[in-house]
Structures are given as structure tokens and as C-alpha cells.
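Note that this is a predicted model, so its numbers are computed, not measured.
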Amino acid sequence: MMKKLVLWVAFALLVITVKAQKDPDSTYPVSKYEPLTLKISDDGSKYIRFILWHQQWLQTNNLANENTNLQLNSMVRRSRLLAFAQVSPRFLVLTHFGLNNLTADNLSSLGNNGDGAQIFLHGAWTEFKLSNNNTIFLGGGLHYWKGLTRLSNQSTLNFMTMDNPRPFVHWHSLGITDQFARHIGFYVKGQVGKFDYRLAFNNPLNPANALGAGVDFGGQSDLTYTGSATSDANGDEVGNAVIEGYFRYQVFDTESTKLPYQVGTYMGAKKVLGIGLGFFAHPNGMYNATTAEHTGIFHAAADVFLDMPVGDGNGINAYASFINFNYGDNYMSRWAGTGTNLYSHFGYYLGSAKIMPYVAYQTGSYDAFDDSLNAFDLGVNYYVLGHNAKVTLEYHAVMNNPLEGGVDANGDPIGVQQLRLQLHIFL
């Protein structure tokens with residue numbers, strides 16, 4: 001307990017120190033952000049928008065393992081560059097490059113001589129407007145128009161919590177059927193009044209390149225997630241399509257669907273209440289080597305998101321989701337398994353102090369494990385300049401999950417306990 005207390009105090013002092021700093025040059029007041037936009041028409045209707053962001057983490061090792069000495073580890077959690085061009089109201093093109101999870105362990109001496117974190121393509125899609133209003137858009141490429149839940153489409157620029165909740169149940173296909181939560185395929189999207197939708201038709205990642213390569217992480221199923229690589233009894237290829245969608249009704253303010261990235265919190269600047277239903281389907285995605293049969297995958301979810309002003313300059317943020325995962329009997333994938341998951345979080349923005357304390361909790365009840373797999377986060381954001389510059393301090397814990405914290409000598413889950421600090425800037 002003492003080392004946890006020392007770290008909490010040290011991190012809190014760091015946050016307070018950052019908060020206490022004044023802008024040394026009054027000619028550059030920290031008050032307003034101007035987007036990095038290149039206008040290519042006089043009226044600004046044609047433009048190229050650039051977005052650059054870095055997220056730097058300092059975190060402890062796993063404090064749940066009492067047999068290890070305390071360590072502080074640095075990580076470049078994300079380093080990204082995104083650009084999109086709107087040169088006509090009829091079409092849009094977007095390109096997104098980035099790097100994730102660069103640590104001292106995967107740095108290489110010359111930057112090109114190891115299996116370390118590398119810059120790679122996160123997104124590359126084109127989109128056409130098919131209707132005179134905003135009811136139908138068609139796009140294709142390596143994209144992020146996802147199904148299931150709002151957090152499956154979460155923007156990494158403006159989380160309310162420090163990151164998407166781990167285990168990554170909302171990014172359940174990450175590294176399994178997609179490239180870092182992006183699929184390659186086609187999508188349609190649109191808005192009709194308070195209702196909006198997104199539907200995607202994709203090809204799955206080759207199982208040979210997948211995280212775990214079809215391994216049943218629960219160890220109790222005859223199934224493997226290799227259906228797209230295994231022909232059926234007639235020798236025909238199957239399992240080569242992933243279909244996913246998300247449908248939402250917005251009670252109050254209407255959020256933009258120009259880009260797929262869903263805002264984590266508006267810090268009381270908007271009044272948003274969104275109620276959503278989503279699904280993820282992979283027909284014939286599973287394969288049973290014992291019976292030589294293919295079976296399908298189907299996940300369904302419902303969620304609700306609330307972000308609204310409260311009082312004078314304050315705001316609340318609340319979210320809850322219920323996901324029913326179905327991979328087949330007793331199957332456990334890397335992030336979730338056959339069964340159900342409940343997730344919720346709540347944050348309160350104090351405008352005068354520019355801070356937002358929050359709490360998040362998830363519990364998964366999966367066929368492959370007798371006990372529920374739980375996770376808990378407790379943190380606080382300090383907004384130096386909204387989401388463009390913020391500092392986040394978080395306590396992160398995962399319980400009863402051997403996939404996250406490993407197991408001890410008796411085979412019991414060790415769990416995860418970490419203190420994490422993030423410095424986040426995007427332009």
C-alpha cells in the first residue's frame with residue numbers, strides 16, 4: 001500500500017504543478033485553438049484538414065504482483081497524423097498514419113532493426129455523397145466505420161476516461177479480424193433527422209496474421225477463429241465477410257457523422273442523449289476441427305450516452321452498454337468471449353477548475369470462465385486547453401482475468417493494478 005500511496009502523491013503533485021503554471025508570454029494566451037486547415041477556396045468550403053496528436057504515458061508495472069519491485073515505465077501510447085480533404089460536397093478522402101505502444105522494450109537501436117512499434121496505415125478511405133441531403137453516403141477502403149457500440153467507434157482524441165476500457169470489449173475484433181480496429185471494405189452511412197446509421201461490409205484479416213491466430217484463450221472449446229482460412233466440406237471458401245452496424249437516435253442535440261470518430265465528452269458544451277443498437281456478424285467465421293463444421297459469429301449490443309451541461313459551467317457524462325457476444329460454445333477470444341458484458345462510466349466536469357473526475361467499471365460473464373472478469377478505473381482529467389491539451393491521472397485494475405494479468409503458481413489470476421499518467425496534445 002505504501003508504494004501506491006507514494007505514487008498517488010507524486011502524480012497528484014505533478015498534476016497540481018502543471019495546473020499552477022501560467023503562460024509566460026501573454027502574447028500567446030492559452031485560450032483558443034485554431035484547427036490546422038488549408039483552405040483551397042475563398043469561401044472555405046474546399047479545404048484540407050490536418051490533425052496531429054501525441055499521447056505520452058508514464059505507468060507503473062503491475063502492482064498486483066507483490067513479488068516485483070516498483071518500476072515506472074514510459075510509453076508513446078499514440079503518435080498519429082490524420083488528414084482529410086473536402087474539395088467537393090460530393091466526396092471526401094481521408095488518410096491516417098500512426099504508431100502505437102512504443103516502449104523501451106521495443107525500441108530498436110537504429111529504428112529499423114527489430115520487431116518494434118512502427119508507423120503504419122490506420123485509415124485510407126474515400127467517400128461519396130449519394131443523396132441531395134445527408135441520408136446516404138457510400139465509402140470504401142481501410143476504414144473505422146464500425147458496428148456494435150458507440151465506444152467501438154470511439155475517437156482517441158477526446159476520451160472521457162484515459163483510454164478505451166480494457167479489456168477492449170468494444171474493440172473486440174482488434175487484431176482478430178481487423179488491423180488495429182480498422183477493417184478493409186465498404187460502408188454506407190447517413191442521417192435522417194435525429195436518427196443516424198452506419199453499416200459496413202468488410203473482409204476479415206487473414207487468421208494467420210491474427211492476434212492469437214484463432215487460439216481459444218479459455219481453453220475449453222473445440223472451436224477456432226479460422227473459418228475464413230478453412231474450406232467447407234465441398235471445398236468452397238467461406239467466412240470471408242464481416243457485416244457490422246450501429247443505429248442511433250439522438251434525443252437532444254445532433255452529433256456530427258462527417259467522420260466516424262465518436263466524442264468521449266463535450267464537457268458540458270452540448271446536450272446529447274444518444275440511444276444506440278448495434279451488431280457484428282461473421283458468418284462461418286468459426287471452425288470446429290473435430291466436426292469439420294463452420295459456424296457463425298453474432299454479437300449484439302445496446303447502449304446509451306449522456307453528456308450535458310449542469311449548473312454554471314459544469315457538465316456530466318454518463319455511458320452504459322450491454323453486449324451479448326456469441327462466438328460459439330465456450331469460446332474465448334483475446335478481448336471477449338461467448339457470454340455477456342456490462343460496462344458503465346460516469347464523469348463530472350468542474351468548469352471553474354477545468355477538471356473532470358471519473359469512474360468506470362465493466363464486468364464480463366463468459367462461458368469459458370467460472371468467475372466474472374471485472375475491470376475498474378478511477379481517474380481525473382485536467383484540461384489545460386480542452387481536449388487539445390490535457391493531463392490524465394488514473395488508477396486501473398483488472399480482476400479475475402488471466403488474459404490480462406497472467407496467473408500465479410497455483411493457476412489463479414494475478415490481476416492488474418496500475419497507476420497511469422497521460423500527457424495528451426492534439427493540434
Side-chain angles (χ1 to χ4, degrees), residues 62 64 146-154 159-178 181 210-212 214-221 223-225 244 246 276-282 285-286 297-305 318-346 358-379 394-408 411-418:
N62 187 4
K146 301 177 67 63
L148 206 61
T149 70
R150 178 188 183 94
L151 265 60
S152 299
N153 299 271
Q154 173 76 57
F159 288 120
M160 195 283 287
T161 54
M162 186 165 166
D163 207 309
N164 228 6
R166 183 166 182 151
F168 292 136
V169 293
H170 298 276
W171 285 336
H172 60 94
S173 63
L174 189 153
I176 309 298
T177 64
D178 60 39
L211 183 64
V215 172
D216 172 20
F217 287 91
Q220 300 181 28
S221 177
L223 297 169
T224 58
Y225 204 159
E244 55 186 327
Y246 183 68
L277 295 172
F279 75 94
F280 176 95
H282 189 174
M286 303 301 293
I297 294 164
F298 188 83
H299 312 321
D303 64 2
V304 59
F305 172 80
Y319 176 81
S321 66
F322 172 80
I323 308 175
N324 183 79
F325 291 103
N326 187 358
Y327 295 89
D329 291 345
N330 293 320
Y331 188 81
M332 189 72 194
S333 188
R334 178 63 184 87
W335 310 112
T338 296
T340 59
N341 181 277
L342 285 167
Y343 171 81
S344 63
H345 70 226
F346 179 83
Y358 64 83
V359 61
Y361 180 77
Q362 72 164 284
T363 179
S365 177
Y366 304 120
D367 295 351
F369 294 103
D370 294 331
D371 298 323
S372 295
L373 310 187
N374 305 319
F376 173 78
D377 297 307
L378 178 65
E394 182 182 88
Y395 170 73
H396 170 65
V398 180
M399 292 79 77
N400 300 328
N401 192 336
L403 308 186
E404 293 292 307
V407 297
D408 60 19
D412 298 321
I414 296 172
V416 174
Q417 294 182 43
Q418 285 181 301

**Student:** Write down the atom of W335, the atom of H172, and the distance for their closest heavy-atom approach.
**Tutor:** CD1-O, 3.4 Å
**Student:** Report, one line per pair, each donor and acceptor closer than 3.5 Å where one atom sits in a side chain of residues 319-330; sequence neighbours left out.
**Tutor:**
{"unit_1": "Y319", "atom_1": "OH", "unit_2": "D303", "atom_2": "OD2", "d": "2.7"}
{"unit_1": "N326", "atom_1": "OD1", "unit_2": "G328", "atom_2": "N", "d": "3.2"}

**Student:** Mind checking whether P167 and L403 have side chains closer than 4.5 Å, heavy atoms only?
**Tutor:** no
**Student:** Measuring only between side-chain heavy atoms, which start at C-beta, is H345 closer than 4.5 Å to M160?
**Tutor:** yes
**Student:** What closest approach, in Å, do A302 and L277 show between heavy atoms, and which atom pair accounts for it?
**Tutor:** CB-CD2, 3.6 Å
**Student:** Quick one: are F280 and K146 in side-chain contact, heavy atoms under 4.5 Å?
**Tutor:** no
**Student:** Quick one: CG on L174 to OG on S152, what's the gap to the nearest 0.5 Å?
**Tutor:** 11.0 Å
**Student:** Hey, which of T149, N164, N341 is the one that makes side chain to side chain contact (heavy atoms under 4.5 Å, CB included) with V169?
**Tutor:** N341
**Student:** List the residues meeting side-chain hydrogen bond (donor to acceptor under 3.5 Å, both in side chains) with W171, not counting sequence neighbours, and say none if there are none.
**Tutor:** Y144
**Student:** Go through the steps to decide whether L148 and E244 satisfy the test side chain to side chain contact (heavy atoms under 4.5 Å, CB included), and finish with yes or no.
**Tutor:** CA-CA 7 Å; L148 206 61; E244 55 186 327; 5.9 Å; no
**Student:** E394 vs Y358, test: side chain to side chain contact (heavy atoms under 4.5 Å, CB included). Steps then yes/no.
**Tutor:** CA-CA 9 Å; E394 182 182 88; Y358 64 83; 2.6 Å; yes
**Student:** If you define the side chain from C-beta out and look only at heavy atoms, does anything of P413 sit under 4.5 Å from N401?
**Tutor:** no
**Student:** Search all heavy atoms of A281 against all heavy atoms of F279 and return the closest pair with its distance.
**Tutor:** N-CD1, 4.1 Å
**Student:** By side-chain contact (heavy atoms from CB on, under 4.5 Å), which residues pair with I414, not counting sequence neighbours?
**Tutor:** N62, A64, N65, D408
**Student:** Can you list the residues that meet the side-chain hydrogen bond (donor to acceptor under 3.5 Å, both in side chains) rule with H282, with sequence neighbours excluded?
**Tutor:** Y225
**Student:** Using every non-hydrogen atom in the two residues, find where P165 and H170 come nearest and quote the distance to one decimal.
**Tutor:** CG-CD2, 3.7 Å
**Student:** Per the salt bridge (Lys or Arg N to Asp or Glu O under 4.0 Å) rule, what does the pair list look like for residues 163-175, sequence neighbours excluded?
**Tutor:** R77-D163, R78-D163, R166-E404
**Student:** Which heavy atom in S333 sits nearest to a heavy atom in F217, and how many Å separate them?
**Tutor:** C-CD1, 3.5 Å
**Student:** Please assess L151 against F305 for the test side chain to side chain contact (heavy atoms under 4.5 Å, CB included), listing each intermediate value before the final yes or no.
**Tutor:** CA-CA 10 Å; L151 265 60; F305 172 80; 5.9 Å; no
**Student:** Testing the basics here: between Y343 and Q362, what is the closest heavy-atom pair and its distance to 0.1 Å?
**Tutor:** CD1-CB, 3.6 Å
**Student:** Starting at OG of S221, measure out to CE of M286 and round the result to the nearest 0.5 Å.
**Tutor:** 6.0 Å
**Student:** Side-chain polar contacts of residues 367-378 - donor-acceptor pairs under 3.5 angstrom, sequence neighbours left out - could you list them?
**Tutor:**
{"unit_1": "N374", "atom_1": "OD1", "unit_2": "T363", "atom_2": "OG1", "d": "2.6"}
{"unit_1": "D377", "atom_1": "OD1", "unit_2": "H396", "atom_2": "ND1", "d": "2.7"}

